[in-house]
2 protein chains.
Amino acid sequence: MVYNNITMTDLAAEYDVSKYERPSVTVDIVLFTIRERRLNVLLVRRGQWPFEGHLALPGGFVRPAETLDEAAGRELEEETGVAGIFLEQLRSFGDPGRDPRTWVITIAYTALLPSDKHVLRAGTDAAEAIWHAVEDMPSELAFDHTMILNYALLELRRRVLSDSSLIKNLLPQRFTLTRLQEVYEILLGRALDKRNFRKWLQSENLVQATTEEERGSHRPARLYEFVLESASRL
Amino acid sequence: MVYNNITMTDLAAEYDVSKYERPSVTVDIVLFTIRERRLNVLLVRRGQWPFEGHLALPGGFVRPAETLDEAAGRELEEETGVAGIFLEQLRSFGDPGRDPRTWVITIAYTALLPSDKHVLRAGTDAAEAIWHAVEDMPSELAFDHTMILNYALLELRRRVLSDSSLIKNLLPQRFTLTRLQEVYEILLGRALDKRNFRKWLQSENLVQATTEEERGSHRPARLYEFVLESASRL
DNA sequence: TAAATAGTGTCTATAAGACACTATTCT
DNA sequence: AGAATAGTGTCTTATAGACACTATTTA
């Protein structure tokens, strides 16, 4: 953007914007996926102060010429090598003192990774990126990331309930109905009745059968895929 | 992508947070109230460049030692003289170029003012603060405030639907059921059936009758108040 | 033929919507 | 007595939940 090259400081002085102290602004990403029938979140182990050795949510600084969404997408790709997945702003967190280094306001994002795309590329800055089940989370995440994660979990459940099409971002392109139900059960934290679930699915017009089926040591299950739809949301 | 030249590893090496450019961070407040049976929003007329003479959402810079919620509350009080009303974070907006002066990320808040507290104090920095019906909004608000307002409207309707107790923040302490229904109708943008509405209200356990009634040139209406409750939300 | 999972329907309870008249107060 | 608003109940439809057996494949 043009103002970046020259004029920023001058204008800032002239219009008094610069008399206010500026915070650093980061994006932090709560990336969820399903692994081994459990909801997992991506964490990185910090290599330096502060919170050295602690687990933290992946994230990084927002740069002047990008949108917030772009910043989140870029950080996510740097950490995981995955691009183009579902990514949505969650909330900002800016309590003073949340980062001992300096004044840092973070904008948290939620992302969902389909369960067949677990490949994690070694991040450029993340010493170690690991999936962690949300059930037995370490009590001490870095910064205020435990709070952010808890907020993300509540929001995830709320959003999945109010928009049934969200779930598609956690599943591979083709899947069995039993697998789909399983993902719902994991997110909602309770068992669902198979017949009621399938009856409800029909009324949602969310998935359609393919001709393919999945075979195992039992009766084969039909594979379904999501209907590519024009609209959902209220 | 220019920014790929700068890597996070540089930062990691020196803990040097300050070497990254910092944005200015503001809070902007979408303050709704009901006036003359219409949903109104508070706007201020800008007295200087940029967007001089345009209407804008009230707001201001976040200070280092305050939380984001505090910043929003403080700005709101500076503009309106009203403190302690319902205030909730909405979303962050940070597209590059949204403020022609410099890089400014804003965190938008939604606030609700009860319809008996319309007193607006002349703000310290707001040249002119005015209520404006959301129906016939001027097309050209300053910055990206039209987008923020539209987002706030969608969210307001969504939140009112999913949490019936929110409505209490738009009504005085005591009110008639007809008045309460009116507010719902304004927010939802459609007429409601009186008998169905009252039946639904009963099941919500949201309001309770007082012994007081309101008199006019017609049969008096009983006044109700909100039940002070322990919990709502999903 | 046993093990394993897929797939399928009815009945009941609750919630939401359509719909119209009587009651009370003031002027 | 007329104007104005308050207040009240039934029937219908849609949605959600409880509940158990048969079907098909592999080993």
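Keep in mind the model is a prediction, meaning the values are calculated, not measured. In what follows, chains are A, B, ... by sequence order, proteins preceding strands, each numbered from 1.
There is a side-chain donor-acceptor pair under 3.5 Å between B:D163 and B:S165. Looking only at atom types and distance, the side chain of A:E214 has no donor-acceptor partner in the side chain of A:T176 under 3.5 Å away.
Of the inter-residue distances, the one linking A:F86 atom CZ with A:L166 atom CG reads 4.5 Å to the nearest 0.5 angstrom. Interatomic distance, NZ of B:K199 versus CZ of B:R195, reported as 9.0 Å (0.5 Å rounding). Atom CG of A:L112 is separated from atom OG1 of A:T33 by 8.0 Å, given to the nearest 0.5 angstrom.
What separates CG of A:L161 from P of D:dA16 is a distance of 12 Å, to the nearest Å. The NE2 atom of B:H218 sits 17 Å away from the C1' atom of C:dT22 (whole-angstrom rounding).
Non-hydrogen atoms lying under 4.0 Å from DNA chain D are contributed by nothing in residues 170-186 of chain A. Applying a 4.0 Å cut-off to non-hydrogen atoms, the residues of residues 193-214 of chain A that approach DNA chain C are A:K194, A:R195, A:N196, A:R198, A:K199, listed by residue number.
In summary, the aromatic rings of A:W200 and A:Y184 are positioned with their centroids under 6.0 Å apart.
With D:dA6, D:dA27, D:dT24 as the choices, the nucleotide that has an atom nearest any side-chain atom of A:R219 turns out to be D:dT24.
B:N169 meets the side chain to side chain donor-acceptor pair (under 3.5 Å) test with no other residue; sequence neighbours excluded.
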Review point. Given the rule in the salt bridge (Lys or Arg N to Asp or Glu O under 4.0 Å) test, do A:E78 and A:R74 qualify, once you have shown the distances and angles that lead to the verdict?
Key: CA-CA 6 Å; A:E78 284 175 11; A:R74 174 181 53 73; 3.3 Å; yes

